[in-house]
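These notes concern the structure reproduced below.
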2 protein chains.
Amino acid sequence: MSTRQAEVLRAAIELLDEVGLDALTTRRLAARLGVQAGALYRHYPSKRALLDAMVEHIVAEAGAGPPPDGDWAAQLRTLAKGMRRGMLAHRDGARLMATFQAPGEAARASFEALVGLLVRAGATREDAAVGIDTLVCFVNGFAVEEQARGAGAPRDRAFEAGVDVILSGIRTSILV
Amino acid sequence: MSTRQAEVLRAAIELLDEVGLDALTTRRLAARLGVQAGALYRHYPSKRALLDAMVEHIVAEAGAGPPPDGDWAAQLRTLAKGMRRGMLAHRDGARLMATFQAPGEAARASFEALVGLLVRAGATREDAAVGIDTLVCFVNGFAVEEQARGAGAPRDRAFEAGVDVILSGIRTSILV
DNA sequence: ACCTGAACACCGTTCAAGT
DNA sequence: ACCTGAACACCGTTCAAGT
């Protein structure tokens with residue numbers, strides 16, 4: 001990944017935070033880089049490809065940090081909070097993820113890590129995948145709705161309560 | 001609601017199914033109606049307003065049908081399946097819902113109905129709201145991901161397994 | 001390697017004017 | 001009441017040509 005490509009990506013994410021997804025335009029991005037719109041196509045083959053790179057970047061930065069400690073439930077709770085925080089960290093972050101298509105490297109890796117966590121706690125691989133799928137879909141669905149509703153009241157408590165419902169479902173219907 | 005407005009809405013939903021959300025353009029919609037693009041603004045003040053009306057229509061048609069029977073869990077399972085079916089019934093239906101902002105009349109009513117169901121099963125109103133919120137966010141998140149991944153393998157079993165995890169979480173952590 | 005200039009085929013929206 | 005015609009200020013993308 002060339003330095004210039006990384007600069008384009010960084011500028012795109014900054015622009016997203018400033019103007020939102022709907023106003024994130026190749027022409028505006030080019031202007032911010034002091035360049036003509038067509039020049040962007042040296043670095044990304046399409047706007048779609050750039051958006052995908054942004055998603056990947058945001059997922060990776062959300063999945064960073066030390067692995068949490070505690071039992072499997074405490075770890076999943078921490079990781080779920082981190083995923084939500086990562087999406088809310090950027091304007092329209094959740095909606096950007098939702099428009100995404102292919103799971104991508106970082107997303108797949110973090111999914112596998114979560115499944116492994118439940119397997120180590122005693123679940124079969126299939127059951128673990130169901131549990132993680134449920135949790136991940138909830139987190140995504142929650143963040144999309146939360147961000148769509150605008151800056152309204154903080155929904156931290158509601159989010160954690162939802163995570164707890166799912167963790168308790170995993171405990172009673174998936175783990176031995 | 002004038003007849004012509006209803007025709008515009010119907011044409012918009014047909015066009016969505018044919019070309020998808022990204023190609024759903026005021027000009028294409030106008031062409032399908034045999035009219036100039038500007039004429040649409042007699043019936044909807046903006047494309048956003050038209051999209052909102054489409055969401056409302058789809059939500060309402062998904063929430064139609066007789067109330068299911070069985071205990072609360074069987075009823076929630078049936079309703080969750082219906083919500084997912086409603087979103088998948090139209091091309092990019094899930095993504096369209098996700099771009100939506102205000103909850104809207106139909107959505108609010110169906111949320112209240114679901115909460116009432118859990119209250120009758122013995123939950124407090126707050127706990128019931130948490131449970132329903134969890135289920136609804138999961139359903140939306142699941143459908144968004146499912147539709148984003150394209151027509152791939154049917155995910156009926158994965159969906160129902162996820163619903164069951166949440167129902168079992170509601171049973172053990174919310175109900176008396 | 002990176003960018004310009006200019007074009008192409010589009011967008012959503014507005015508004016006077018028509019019937 | 002509903003629509004036309006025409007414009008305005010934009011889009012994403014391509015591509016020869018420059019440095």
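All chains are named by letter (A, B, ...) in the order of the sequence lines, taking the proteins before the strands, and each is independently numbered beginning at 1.
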**OP:** Could you tell me whether B:R84 sits above the aromatic face of B:F142, with NZ or CZ closer than 6.0 angstrom to the six-membered ring centre and within 45 degrees of the axis?
**Re:** no

**OP:** Would you mind classifying the nucleic acid contact of A:R27 as base, sugar-phosphate or nothing, using non-hydrogen atoms under 4.0 angstrom?
**Re:** base

**OP:** Would you mind telling me which residue lines up with the more 5' stretch of DNA chain D, A:R42 or A:A37, judged by nearest nucleotide?
**Re:** A:A37

Subject >> Over 12 non-hydrogen atoms of neighbours within 6.0 angstrom of CG in B:D71 >> reply: yes

Subject >> A:F138-B:F138 aromatic ring centre distance below 6.0 Å >> reply: no

**OP:** Hey, which sits more toward the 5' end of DNA chain D by its nearest nucleotide, A:R28 or B:R4?
**Re:** B:R4

Original post:
Going 5' to 3' along DNA chain D, which nucleotides are the first and last within contact of chain A (any atom under 4.0 Å from a heavy atom)?
Top reply: D:dC11 to D:dT14

Subject >> Cluster check B:F100, B:M87: I/L/V/M/F/W/Y, side chain < 4.5 angstrom >> reply: yes

**OP:** Could you measure between the two P atoms, the one in D:dA9 and the one in C:dA9, and give it in whole Å?
**Re:** 22 Å

Subject >> Short side-chain to backbone donor-acceptor contact, B:T99 and B:L96, under 3.5 Å >> reply: yes

**OP:** Quickly, which of A:L9, A:D52, A:L51 forms a side-chain contact (heavy atoms from CB on, under 4.5 Å) with A:Y44? Name it, please.
**Re:** A:L9

Original post:
Starting at the 5' end of DNA chain C, which residue's closest nucleotide do you reach first, B:A39 or B:K47?
Top reply: B:K47

Subject >> Watson-Crick or G-U stems of DNA chain C, 3 or more pairs, under 3.5 Å, by first number >> reply: C:4-8 with D:12-16, C:12-16 with D:4-8

Original post:
Is A:R108 atom CZ crowded by more than 12 heavy atoms from other residues, nucleotides or ligands, each under 6.0 Å away?
Top reply: yes

Original post:
If only atom types and distance count, is the side chain of A:R4 paired as donor or acceptor with the main-chain N or O of A:H43 below 3.5 Å?
Top reply: no

